[in-house]
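Taking it in order: structure first as structure tokens, then the write-up.
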Amino acid sequence: MEPTSIDRQASRPRPLPARLPTRWDELSFTPESDPLPLDLLDELGGKDVELIVINAAVRPTFSGEKSVTLTCRVLRDGEPRMVPTSHGPIPLDLPCYFRLPVRADGTPYVPVRSKFYQTWCRLNANRRPTRRDRMPLAIFRERLLRGHVRIVRKGATNQHQDLPREQWRLIIEDVSP
């Protein structure tokens with residue numbers, strides 16, 4: 001059966017716009033989310049907060065190492081702390097990072113003195129894992145924990161110079177049951 005002209009037109013790729021942006025200042029980049037309100041930095045920076053870990057994952061870093069990233073939802077009086085944005089209030093989720101070194105063959109390992117190992121053991125009723133390559137991240141999820149909030153003021157590229165205040169961010173530095 002011979003395709004009709006309508007079928008041929010539907011299978012063609014769409015034409016490109018008449019003019020593509022050719023200069024960097026013509027491109028439009030929108031941030032993934034609104035920046036944190038600056039008063040929140042003063043209110044939470046350096047304080048201990050209650051939180052629930054809503055996600056835990058192992059992710060690669062730019063240096064080739066691996067990092068355990070916990071996404072922590074900050075609570076206020078047992079309820080999620082809400083942050084005003086242009087799209088309405090959303091819960092305040094902050095990251096907590098644990099660095100995992102990588103062996104020469106590319107597999108990450110957990111040193112006994114690492115922050116991740118010690119935190120994992122505390123959450124496992126102060127019991128060591130039977131094998132260090134079997135430390136499930138599920139032990140973190142949906143647990144009510146306490147964490148210390150830290151303000152990140154310096155960038156990764158130039159660690160001797162402070163970032164502008166608008167680019168500061170909050171992270172969870174330490175978690176404990």
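Numbering of residues begins at 1 and proceeds along the displayed sequence. Excluded from the calculations below are hydrogen atoms, water molecules and symmetry mates; all remaining heavy atoms, backbone and side chain alike, are included. Computed from a predicted model, the values in this text were never measured in an experiment.
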In terms of hydrophobic clustering (I, L, V, M, F, W, Y; side-chain heavy atoms under 4.5 Å; direct or indirect links), are L41 and V49 co-clustered? yes
Here the pair of heavy atoms bringing L123 nearest to R143 is O-NH1, 3.2 Å
So if I apply the salt bridge (charged side-chain N to carboxylate O under 4.0 Å, His left out) rule between E65 and each of R103, R59, R99, which one comes out positive? R99
Are N55 and R141 close enough, and set up right, to give a side chain to side chain contact (heavy atoms under 4.5 Å, CB included), and what steps lead you there? CA-CA 6 Å; N55 190 19; R141 291 189 189 105; 4.3 Å; yes
To the closest 0.5 Å, what do you measure between CD1 (I151) and CG (L40)? 9.5 Å
Side chains of F116 and L70, heavy atoms from C-beta outward: is any pair under 4.5 Å? no
Test question: given the 4.5 Å side-chain rule for I, L, V, M, F, W and Y, name all other residues clustered with L144, or answer none. I52, I54, L75
Any side-chain heavy-atom pair of V110 and F98 under 4.5 Å: no
Drop me the distance from E43's CD to R76's CZ, to the nearest 0.5 angstrom. 5.5 Å
Between S67 (side chain) and T69 (backbone), is there a donor-acceptor pair under 3.5 Å? no
Return the minimal non-hydrogen interatomic distance between R146 and L51, and the atom names on each side. C-CD2, 4.4 Å
Taken to the nearest 0.5 Å, the spacing of R169 CZ from L163 CG works out to 7.5 Å
How far does CZ of R150 sit from CG of D174, to the nearest 0.5 angstrom? 11.5 Å
Using modelled atom types and a 3.5 Å cut-off, is there a donor and acceptor pairing between side-chain atoms of K115 and backbone atoms of E173? yes
Is a side-chain donor or acceptor of W120 paired with a backbone partner of P136 at a separation under 3.5 angstrom? yes
Heavy-atom side-chain proximity of M82 to P91 below 4.5 angstrom: yes
Does one hydrophobic cluster hold both Y97 and L44, with members joined at side-chain heavy-atom distances below 4.5 Å? no
